Amino acid sequence: MVKAALFDVYGTCVDWHGGMRRAASAMLAEKRLDPSLGTDIAEGWRHRYQPAMERVRSAAEPYRPLDALQLETLADVLDALDLSHHFGAADRAWLNAAWDALPAWPDTTASLQSLKAAMPIAACSNGSVAMMERLAAHAGLPWTMICGAELARSFKPEPEVYLKSCAALGHAPADVIMIACHPDDLDAAAACGLRTGYVPRPDEWGEASVAPDPDPRRFDLHAATLGELVGQIASRAH
């Protein structure tokens, strides 16, 4: 039986690519710069996401919340695009805050509400608690609680992120399911004893992206939509 559910957030529950591209493009247009560079800012920023966290995971750098890391990597992105001189501190803070105002995928809120009626649901993100609270308020994500990186003071896929999230929910890993559109996130959760549920998000990197196509037998549950997946999970609730 499944007693609680953890959810990846960026990509799985919200559209980071569309949200960040639009935010960056709007600021570029306001500055009378090429708004098409919004895609380069969004994707360059996300490509630096894992390397920045890996410096913390490897203990090369001390833990700090993701929004602090994001400000640092934004500077690298702007340097690479030769845009640094156009973006002051207030501009960078505004762009960083756009991570807290990403749009939910169309099926996210209703699916989360449906599953919440059957069991506790929690964010298990690399974003900080404050980031997740702001994003939940903006996107209508009805979490029972927020778990993830800040509990463990590390980042996924480190085992303690999943294990401390389960402990915060008060359940053994075997009674908790992790839901994500990222196969590697689910593999790490499974290695910690959690059950796994896969949902594809083919537009996570924009409409021109190529989505992962993993063997569905790799996961405990899988479905074409989040609504279908949470229906499967609810049917296995205690």
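Because the structure is predicted, anything quoted here is derived from the model rather than measured. Just so it is clear, the values below take in all heavy atoms, side chains as well, and ignore hydrogens, waters and symmetry mates.
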| said: Strictly by salt bridge (charged side-chain N to carboxylate O under 4.0 Å, His left out), give each pair with a member in residues 147-174 just once, sequence neighbours left out. | reply: D8-K156, K156-D185
| query | Applying salt bridge (charged side-chain N to carboxylate O under 4.0 Å, His left out), which residue pairs with at least one partner in residues 13-23 are found, sequence neighbours left out? | reply | none
| task | Take R236 and D220 through the salt bridge (charged side-chain N to carboxylate O under 4.0 Å, His left out) test and state the conclusion after the steps. | result | CA-CA 12 Å; R236 290 162 172 77; D220 294 302; over 6 Å; no
Close side-chain approach of [X] to [Y], heavy-atom, < 4.5 Å:
X	Y	value
S128	L66	no
E61	E54	no
V56	F155	yes
L226	F7	yes
I41	L28	yes
H222	V199	no
L69	Y49	no
V161	L151	no

Without placing hydrogens or testing angles, list every side-chain donor-acceptor pair under 3.5 Å for residues 133-144, not counting sequence neighbours.
| residue | atom | partner | partner atom | Å |
| --- | --- | --- | --- | --- |
| R134 | NE | D100 | OD2 | 2.5 |
| R134 | NH2 | D100 | OD2 | 3.1 |
| H138 | NE2 | A101 | O | 3.1 |
| T144 | OG1 | I121 | N | 3.0 |
| T144 | OG1 | I121 | O | 3.3 |

| request: Mind checking side chain to side chain donor-acceptor pair (under 3.5 Å) for Q232 and listing every partner two or more places apart, or none if nothing turns up? | output: none
| field | For T73, all residues meeting side chain to side chain donor-acceptor pair (under 3.5 Å), sequence neighbours excluded | value | W45
| task | Start with the C-alpha distance between K3 and L169, add both sets of side-chain angles, then the distance that settles side chain to side chain contact (heavy atoms under 4.5 Å, CB included), and finish with yes or no. | result | CA-CA 9 Å; K3 297 180 180 178; L169 285 165; over 6 Å; no
Determine the minimum heavy-atom distance between [X] and [Y], stating which atoms define it.
X	Y	result
T108	T12	OG1-O, 4.3 Å
L229	G197	CD2-C, 3.9 Å
W16	A42	CZ3-O, 3.5 Å
Y10	E204	O-OE2, 4.1 Å
M119	I233	CE-CG2, 3.8 Å
A80	R48	CB-NH2, 3.8 Å

| said: Using side-chain hydrogen bond (donor to acceptor under 3.5 Å, both in side chains), reason through R92 and Q70 one step at a time and then give a plain yes or no. | reply: CA-CA 10 Å; R92 297 177 190 214; Q70 296 282 68; over 6 Å; no
With rounding to the nearest 0.5 Å, note down the distance linking [atom1] in [X] to [atom2] in [Y].
X	Y	atom1	atom2	result
K116	S111	NZ	OG	14.5 Å
L78	S84	CG	OG	5.0 Å
L33	L83	CG	CG	6.5 Å
D67	L74	CG	CG	12.5 Å
I177	C166	CD1	SG	11.5 Å
S25	D40	OG	CG	9.5 Å

Kindly work out whether a path of hydrophobic side-chain contacts (I/L/V/M/F/W/Y, heavy atoms less than 4.5 Å apart) joins [X] to [Y].
X	Y	value
I179	L6	no
V14	L95	yes
V77	W94	yes
M131	L102	yes
L221	M178	no

| field | Trace of the side-chain hydrogen bond (donor to acceptor under 3.5 Å, both in side chains) decision for T225 with D107 | value | CA-CA 8 Å; T225 69; D107 62 351; 5.0 Å; no
| message | Check this for me: does any side-chain nitrogen of one of R218 and D187 sit under 4.0 Å from a carboxylate oxygen of the other? | response | yes
| Taking 4.0 angstrom as the limit, do R46 and E43 come out as a salt bridge? | no
| query | Who pairs with D76 by salt bridge (Lys or Arg N to Asp or Glu O under 4.0 Å), at least two apart in sequence or on another chain? | reply | none
| said: Has W105 got a side-chain atom pairing as donor or acceptor with G11's backbone, closer than 3.5 angstrom? | reply: yes
| query | Within the side chain of S165, is there an N or O that forms a donor-acceptor pair under 3.5 Å with the backbone of G148? | reply | yes
| request: Mind running side chain to side chain contact (heavy atoms under 4.5 Å, CB included) on M27 and D91 for me, showing each step along the way? | output: CA-CA 8 Å; M27 177 164 279; D91 297 326; 3.8 Å; yes
| query | Are M132 and V9 close enough, and set up right, to give a side chain to side chain contact (heavy atoms under 4.5 Å, CB included), and what steps lead you there? | reply | CA-CA 9 Å; M132 289 296 102; V9 179; 3.7 Å; yes
| message | Could you go through D175 and V2, starting from their C-alpha distance and side-chain angles, then the distance that decides it, and tell me whether this counts as side chain to side chain contact (heavy atoms under 4.5 Å, CB included)? | response | CA-CA 5 Å; D175 295 328; V2 178; over 6 Å; no
